[in-house]
Student: 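Before anything else, here's the structure in question.
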Number of protein chains: 2
Amino acid sequence: MATTRDTRLAVAVHILTLLAQQSEEDPLTSEYIAGSVNTNPVFIRRVLGLLSRAGLVASQPGVGGGWRLQRDAASISLLDVYEAVGAGPLLALHHRQPNPDCLIGRNIQRTLLHYFGEAEVAFKQMLARQTIAQVLERAREGELSPPA
Amino acid sequence: MATTRDTRLAVAVHILTLLAQQSEEDPLTSEYIAGSVNTNPVFIRRVLGLLSRAGLVASQPGVGGGWRLQRDAASISLLDVYEAVGAGPLLALHHRQPNPDCLIGRNIQRTLLHYFGEAEVAFKQMLARQTIAQVLERAREGELSPPA
DNA sequence: TCTATCCGTAACCAGTATAGTTTCAGATCA
DNA sequence: TGATCTGAAACTATACTGGTTACGGATAGA
């Protein structure tokens, strides 16, 4: 199956939140994590590979091995995670170069880059204020409120 | 060809900017617009259909027909356009339901919805401040600066 | 040293979305 | 009546996401 949209950020945050509630001495395997996310271990390892390259997690192979956080959950912002999974720009420009013989055509892309860029900055600034520790806390709080 | 990312917002803003510099009596055809965007008229008409349903443009069939703005360019924000083209949420959640037997699994999606939602609001608030009139003005300004 | 476990990665596949293309019915105007 | 333009359907090529299988290499423990 595929349902097509990129879910790597959601999965990455899920993974990091799992690791954040785990003790240092008890790493989680990609198999276990896949069970919580409800997907397959290979996809989890692919995402963990991105997080590892960004220095957010580290792995240990072999019996009793698995993954653990490399940084305090309160120091990992969602922007860190967003950048770690390497998502492209939020808004795409034209696939093909617009017509350079047209006033709008030859200026639109630079202009869009400016305005789209401002919106993306606002988006990232908000992500920068949110941390894995907050996500974990809020997920725990969800348990307290009576189920609807 | 396809290059896959959704370019409808970029194309929609391009279209509206073209129409914004056009006089009321001289509508533009989808064929002409396609020439500026450098794509085919059918795709342009598909996007124009969305803008039309949102009340931003109107069409007239027949000889001398075409498209014109229905609202002042200064009153059309990029958020209006964004919503008109009906883009989905910026950040996807998991494709499959996470494991409900896991604390994180059963709370992560609601939690992500909250934090992702805040980032999306910030993004949209910025788009709401930008107008087609500004885009047109900035595209014209680009002409004045010496080419690099 | 041997074996079980776990990572790391490649390869391949299925499902889906974008947008290019062709085609044609219907509206409008001269 | 005929030229022009919209509106929409149908089909296609391309590319992306993530599911799946497979296997090499590292590690720990018996």
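Just so it is clear: chains get the letters A, B, ... in the order the sequence lines come, proteins before strands, and each one is counted from 1.
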Student: Atom CG of A/L9 and atom C1' of D/dG18: how far apart are they, to the nearest Å?
Tutor: 16 Å
Student: With a 3.5 Å cut-off and just heavy-atom distances, do the side chain of B/R46 and the base of C/dG20 make a donor-acceptor pair?
Tutor: yes
Student: Rounded to the Å, how far apart are A/R45 CZ and D/dG24 P?
Tutor: 15 Å
Student: Is the side chain of B/R8 donor-acceptor paired with the backbone N or O of B/A87 at a distance under 3.5 Å, no angle test?
Tutor: no
Student: Atom CG of A/L28 to atom C1' of C/dT5: distance rounded to whole Å?
Tutor: 15 Å
Student: Strictly distance-based, threshold 3.5 Å: is any side-chain N or O of A/N99 a donor or acceptor partner for the main-chain N or O of B/G35?
Tutor: yes
Student: Rounded to whole angstroms, how far apart are OH on B/Y32 and P on D/dC5?
Tutor: 14 Å
Student: Just the rounded figure in Å: distance from C1' of D/dT6 to CZ of B/R68.
Tutor: 13 Å
Student: When you measure from the side chain of A/T7 to the backbone of A/A10, do you find a donor-acceptor pair of N or O atoms at a distance under 3.5 Å?
Tutor: no
Student: Rounded to the Å, how far apart are B/D6 CG and C/dG20 C1'?
Tutor: 15 Å
Student: Let me know, please, whether A/R8 or B/L48 comes out on the 5' side of the other along DNA chain D by nearest nucleotide.
Tutor: B/L48
Student: B/R96 CZ to C/dG15 P: how many Å, rounded?
Tutor: 13 Å
Student: Assuming nearest nucleotide by heavy-atom distance, tell me which of B/P61 and A/P61 is located more 5' along DNA chain D.
Tutor: B/P61
Student: Taking only side-chain N and O atoms of A/S59, does any of them lie within less than 4.0 angstrom of OP1 or OP2 on C/dC6?
Tutor: no
Student: Quick check on C/dA19: is either OP1 or OP2 less than 4.0 Å from any side-chain nitrogen or oxygen of B/T7?
Tutor: yes
Student: Heavy atoms only, 4.0 Å cut-off, all strands: where does B/N40 land among base, sugar-phosphate and nothing?
Tutor: base
Student: Rounded to the nearest Å, what distance is computed from the CZ atom of residue A/F43 to the C1' atom of nucleotide C/dC13?
Tutor: 16 Å
Student: Ignoring backbone atoms, test whether A/H95 places a side-chain nitrogen or oxygen under 4.0 Å from the OP1 or OP2 oxygen of C/dA19.
Tutor: yes
Student: Check whether more than 12 heavy atoms from other residues, nucleotides or ligands sit under 6.0 Å from atom CD of B/E31, and answer yes or no.
Tutor: no
Student: Measuring from the side chain of B/V42 (C-beta onward, heavy atoms only), which nucleotide among D/dT6, C/dT21, C/dC7 has the closest atom?
Tutor: C/dT21
Student: At under 4.0 Å between heavy atoms, what does A/E31 touch on the DNA or RNA strands: base, sugar-phosphate, or nothing?
Tutor: nothing
Student: Classify B/G49 by what it touches in the nucleic acid, base, sugar-phosphate, or nothing, heavy-atom distance under 4.0 Å.
Tutor: nothing
Student: Would a distance-only check, ignoring hydrogens and angles, find a side-chain to backbone donor-acceptor pair under 3.5 Å from A/S52 to A/L48?
Tutor: no
Student: Please state whether the phosphate of D/dA28, meaning OP1 or OP2, lies under 4.0 angstrom from any side-chain nitrogen or oxygen of A/Q60.
Tutor: yes
Student: Does B/T29 have a side-chain nitrogen or oxygen under 4.0 Å from the phosphate oxygens OP1 or OP2 of D/dT4?
Tutor: no
